[in-house]
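Worksheet: one structure, shown below.
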Amino acid sequence: MTDKPPSSSPEWLEAEYNNRAAVPDHPELMGRWKAAAEAARAAHPPTTIFYGPGDREVMDLFEAGPDAPIVVFIHGGYWQALDKDWFSGLAPAFLAHGVSLAVPSYDLCPNVRLGAIVRQMEAVADLLRARGGRRPVVFGHSAGGHLAACLLSQGRASAAVAISGVFDLAPLIPTSINAALRLDAREAAALSPIHWPAPDGSTPGGTVLDCVVGGAETSEFIRQSRAMADHWGGKGVEARFEALPGLNHFTVLEPLTDPDNALVRRIVDLARAG
């Protein structure tokens with residue numbers, strides 16, 4: 001079904017999937033995310049919307065106007081770190097195009113199982129569809145790329161852009177990342193969107209999936225995105241793979257802060273078409 005990792009040793013997989021270890025200056029890069037987020041929230045105060053009863057079942061909605069199309073950004077952190085407040089800095093680029101941006105938080109592992117996070121993102125997509133009358137475009141980074149693909153498979157998104165996504169969870173099992181996820185082989189397979197139904201137009205929802213990754217990321221992240229695009233593309237999905245030259249797992253988000261960047265324009269065009 002997909003290409004297999006070239007090595008299965010735990011040490012090799014740890015090096016491939018431990019992004020913070022692979023990018024030693026990640027604290028500085030994440031500090032930029034936080035500074036940009038604080039500036040954006042001051043300039044464009046969002047509306048806070050609870051999509052469930054839990055403290056983290058909340059999203060920020062940066063509104064471009066009452067009839068504006070909405071895109072949803074789902075954050076990363078391996079389903080065990082971060083929240084919406086780190087990523088408000090993406091809002092100005094989309095507001096500049098008249099597109100609203102929703103950024104949800106979600107509960108984190110090990111406090112919940114990964115399947116519960118998938119259900120929370122389902123609730124986000126369903127709420128926004130009910131509010132706006134159409135399925136949103138969903139894009140996400142890392143763990144958020146995984147969740148974006150899940151929503152597209154379920155017919156809950158009009159299109160998905162997965163940035164540095166993990167679509168086959170099995171390679172995570174022998175790594176330190178799994179200490180919080182507690183995945184076994186069966187659960188990893190069940191929650192891997194590469195094994196889910198491809199959105200081929202036979203059910204409601206979109207059929208566009210962009211798999212974008214940094215060209216300077218580890219070989220496994222590049223392989224995962226290419227394999228997902230190839231596999232779903234062979235099943236009727238309008239799938240596209242792109243490696244952005246010179247960008248690592250953290251700098252790959254920088255294009256999303258520039259309203260003139262091709263990736264921003266791509267997501268805006270998908271939102272307008274949806």
Side-chain angles (χ1 to χ4, degrees), residues 29-49 51 58-76 82-105 121 124-125 127-129 131-142 144-145 147-148 151-152 157-165 206 208-214 240 242-274:
L29 299 173
M30 293 178 70
R32 294 181 198 170
W33 297 353
K34 197 68 166 179
E38 291 170 358
R41 295 174 73 83
H44 308 282
T47 300
T48 300
I49 299 172
Y51 64 86
V58 61
M59 63 179 142
D60 286 336
L61 178 60
F62 296 87
E63 296 183 88
D67 298 316
I70 296 177
V71 297
V72 182
F73 175 76
I74 306 177
H75 73 79
L82 307 179
D83 60 32
K84 63 181 177 57
D85 292 350
W86 284 82
F87 300 98
S88 306
L90 306 187
F94 292 93
L95 295 175
H97 289 282
V99 173
S100 299
L101 175 69
V103 186
S105 291
M121 294 303 96
V124 167
L127 186 154
L128 291 174
R129 182 186 175 197
R131 282 174 58 98
R134 55 184 175 178
R135 293 170 177 82
V137 170
V138 179
F139 68 114
H141 174 238
S142 197
L147 294 164
L151 294 177
L152 187 68
S158 63
V161 177
I163 302 166
S164 307
V208 174
L209 173 68
D210 285 5
C211 294
V212 180
V213 66
R240 183 175 70 92
E242 182 178 10
L244 301 178
L247 299 182
N248 64 40
H249 194 76
F250 297 88
T251 57
V252 73
L253 287 182
E254 291 180 357
L256 294 172
T257 64
D258 177 4
D260 294 323
N261 184 268
L263 183 55
V264 171
R265 291 186 176 276
R266 170 66 170 167
I267 297 168
V268 167
D269 288 345
L270 290 172
R272 290 173 176 166

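Every heavy atom of this structure was used, including side-chain atoms; hydrogens, water molecules and symmetry mates were not.
- No donor-acceptor pair closer than 3.5 Å links the side chain of His44 to the backbone N or O of Ala91.
- Applying the side chain to side chain donor-acceptor pair (under 3.5 Å) rule to His141 yields no partners; only residues at least two apart in sequence or on another chain are considered.
- Listed by chain and residue number, Glu28, Glu254 satisfy the salt bridge (Lys or Arg N to Asp or Glu O under 4.0 Å) test with Arg32 (two or more places apart in sequence, or in another chain).
- Applying the side chain to side chain donor-acceptor pair (under 3.5 Å) criterion to Glu63, with sequence neighbours excluded, gives Thr47.
- In this structure, Val264 and Ala93 approach most closely via the heavy-atom pair CG1-O, 4.1 Å.
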* Does the pair Cys211 and Glu242 meet the rule for a side-chain contact (heavy atoms from CB on, under 4.5 Å), with working shown? -> CA-CA 6 Å; Cys211 294; Glu242 182 178 10; over 6 Å; no
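- Distance CG/Asp83 to CE/Met59: 15.0 Å, rounded to 0.5 Å.
- Between Val252 and Asn248, the closest side-chain pair of non-hydrogen atoms is not below 4.5 Å.
- Listed here is the closest heavy atom pair of Leu147 and Ile74: CD1-CG2, 3.6 Å.
- Sorted by first then second residue, the side chain to side chain donor-acceptor pair (under 3.5 Å) pairs that include residues 64-73, not counting sequence neighbours, number zero.
- Within the 4.5 Å cutoff, side-chain heavy atoms of Ile267 are placed close to those of Val137.
- For the atom pair CE of Met30 and CH2 of Trp86, the computed distance is 4.5 Å after rounding to the nearest 0.5 Å.
- The two residues Val72 and Pro136 have their closest heavy-atom pair at CG2-CB, 3.9 Å.
- Residues Pro255 and Leu247 meet the side-chain proximity criterion, which asks for heavy atoms closer than 4.5 Å.
- Taken from CG in Leu244 to CD1 in Ile163, the straight-line distance is 8.5 Å, to the nearest 0.5 Å.
- Between Ala162 and Gly145, the shortest heavy-atom contact is CB-O, 3.7 Å.
- Arg129 meets the side-chain contact (heavy atoms from CB on, under 4.5 Å) test with Arg135; sequence neighbours excluded.
- Side chains of Leu101 and Leu90 form a contact here, defined as non-hydrogen atoms less than 4.5 Å apart.
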* Please walk me through it: do Val58 and Thr48 pass side-chain contact (heavy atoms from CB on, under 4.5 Å)? -> CA-CA 7 Å; Val58 61; Thr48 300; 3.3 Å; yes
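- Taking CG from Asp258 and CG from Leu263, the interatomic distance works out to 10.5 Å, rounded to the nearest 0.5 Å.
- Within the 4.5 Å cutoff, no side-chain heavy atoms of Val212 are placed close to those of Phe139.
- Listed by first then second residue, pairs satisfying salt bridge (charged side-chain N to carboxylate O under 4.0 Å, His left out) with a partner in residues 86-95 number zero, not counting sequence neighbours.
- For Pro45, the side-chain contact (heavy atoms from CB on, under 4.5 Å) test picks out no residue, with sequence neighbours left out.
- When the side chain to side chain donor-acceptor pair (under 3.5 Å) test is applied to Arg272, no partner is found at least two apart in sequence or on another chain.
- Note that OG of Ser158 and CD1 of Ile70 are 11.0 Å apart. Values are rounded to the nearest 0.5 Å.
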* Asked: For Phe87 and Leu256, what are the C-alpha separation, side-chain angles and deciding distance, and is it a side-chain contact (heavy atoms from CB on, under 4.5 Å)?
  -> CA-CA 10 Å; Phe87 300 98; Leu256 294 172; over 6 Å; no
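- Judged as a salt bridge (Lys or Arg N to Asp or Glu O under 4.0 Å), and not counting sequence neighbours, the contacts of Arg266 are Asp210.
- Separation of the Phe62 and Phe94 ring centroids does not fall under the 6.0 Å cut-off.
- Within the 4.5 Å cutoff, the side chain of Leu209 has no heavy atoms near those of the Val161 side chain.
- The list of salt bridge (charged side-chain N to carboxylate O under 4.0 Å, His left out) pairs with a residue in residues 35-47, not counting sequence neighbours, reads Arg41-Asp60, Arg41-Asp85.
- Of all heavy-atom pairs between Pro104 and Met121, the closest is CG-SD, 4.0 Å.
- In this view, Arg134 satisfies the salt bridge (Lys or Arg N to Asp or Glu O under 4.0 Å) rule with no residue, not counting sequence neighbours.
- Minimum interatomic distance between Ala68 and Ser100 (heavy atoms only, all atoms of both residues): CB-OG, 3.6 Å.
- In this structure, the separation between OG on Ser88 and CH2 on Trp33 is 13.0 Å, given to the nearest 0.5 Å.
- Every residue was checked against the side chain to side chain donor-acceptor pair (under 3.5 Å) condition with Ser105, not counting sequence neighbours, and none meets it.
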